[in-house]
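A short worksheet on the structure shown next.
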Amino acid sequence: MPSPVPPSPAVSLYLAPWVVPISSPVINDGAVAIANGSILAVGSSATMRMQFADACIERCHGVLLPGLVNAHIHLELSAYPHIPPPALDESFCDWIRSLLRVRQDGEITPEAIAGAAQQMLQQQHDSGALLLLDIGNIPPSSLATNPSSARVTFLLELLGPTAKAEEQVLARIASLPDSVAATPHALYSTTPGIISALKQRADRLQHILSLHVAESADEIELLRRGQGCFRSFLEERGAWENTFPTPGIDSHGAVEYLERLGLLDAGLLCVHCVQVSEKEVQMLAVRGCKVCLCPGSNRFLGVGVAPLEQMLHHHLLPALGTDSIASNETLDLWREMQILREDHPGVSPVEIMAMATLGGAAALDREHDFGTLAPGRKAIFLNVDSQLLHGVQNEEQLLDALTGGGCPSTIRWVVEG
Ligand SMILES: [Zn+2]
């Protein structure tokens, strides 16, 4: 006897004045068809209503678009929103000193830290962030209850600038269960031995390795000449052993340093990349590395502006991250897009929107499920609306409003399955 034909899944059709798939052109009067938790098709409202005549119809105002991706955040620092940026006569290291002082004085209780992280995660969810890459020492599962739509990937951050610290950190790495993904902090705080061990481990466990790279000129000064504020900072903490640059590595920049350590590949997510040469941008592109820019944090700390035009020219589509509230005014990805528009007037709003969605999903190796509205992607995406969006006439005006207008007044999640 032939087996019964399973009933076709119920299709829901979401109609909206605008659909921004990212992977294909913007659709005016568009629709997204979903069933069984996945996107079935994206197209014009008229075509889709014929194709899915029996579908359950939902009419939306405004715009349908993929969820945003915050590819660099430290949720556990959400309780430290008042660390002042360095003054004119201060350096990046002074800001690190302030942060360490506040964290070490212990006035903020673990409960307050968890409460602030919970609130921040909820804010991220409410403002349209679907995927987050959270870096820190406290897993978000023990800090916060996850709102239903937010997908948080956590990387345990490890560092150690001396031989003794390296020995201890390598022992800790060896004892970590495979369920814990770990990553190095930065080149100025972590020996090449630790970074290499974590990269090998990340490759074995097939997770992304993310670290702060070329965030400030002070970092480059340390890598090039073993001088500058980072040297003083390490000296005052009894942690200066001249491990930078590594003997045998004639380093000109942070990316070149990583290249000579043999660490540049598609499994590496380089965060910040402000102080990089065009040669290094090309190197990142050739090796297929992932890049995450944090323009709000860079502006707050006064470390400069990443060469986004060069990155796009070399076919890199960076992700966007907010970094923590200790080094940013707010952790709002819509504001990060606005800052990119201000800092890079020559970059098109289309590319900036793609960075905040597809760029982030690709940086987290999740582009098969998220980052675009396309058949096969998960049926979870955004419906946003605002007064500003009502007046738009075409794709150009729409993307200008989405990337330059700040956080939309209405943000709603479409979730099925
Ligand atoms: Zn960071």
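In listed order, ligands and their atoms are each counted from 1.
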His272 backbone or side-chain N/O/S under 2.8 Å from the Zn ion (ligand 1) = no

State the atom name: nearest N, O or S atom of Asp323 to the Zn ion (ligand 1).
-> OD1

Distance-only side-chain donor-acceptor flag, Glu336 / Asn328, under 3.5 Å = yes

His72 near the Zn ion (ligand 1) via N/O/S, less than 2.8 Å = yes

Cys229/Cys93 sulfur atoms closer than 2.5 Å = yes

Between His272 and His72, how do the two ring planes meet: parallel, tilted or perpendicular, split at 30° and 60°?
-> perpendicular

Would you call the rings of Tyr14 and Phe381 parallel, tilted or perpendicular, where under 30° means parallel and over 60° means perpendicular?
-> perpendicular

To the nearest 10 degrees, how large is the angle at the Zn ion (ligand 1) between His74 NE2 and His212 NE2?
-> 110°

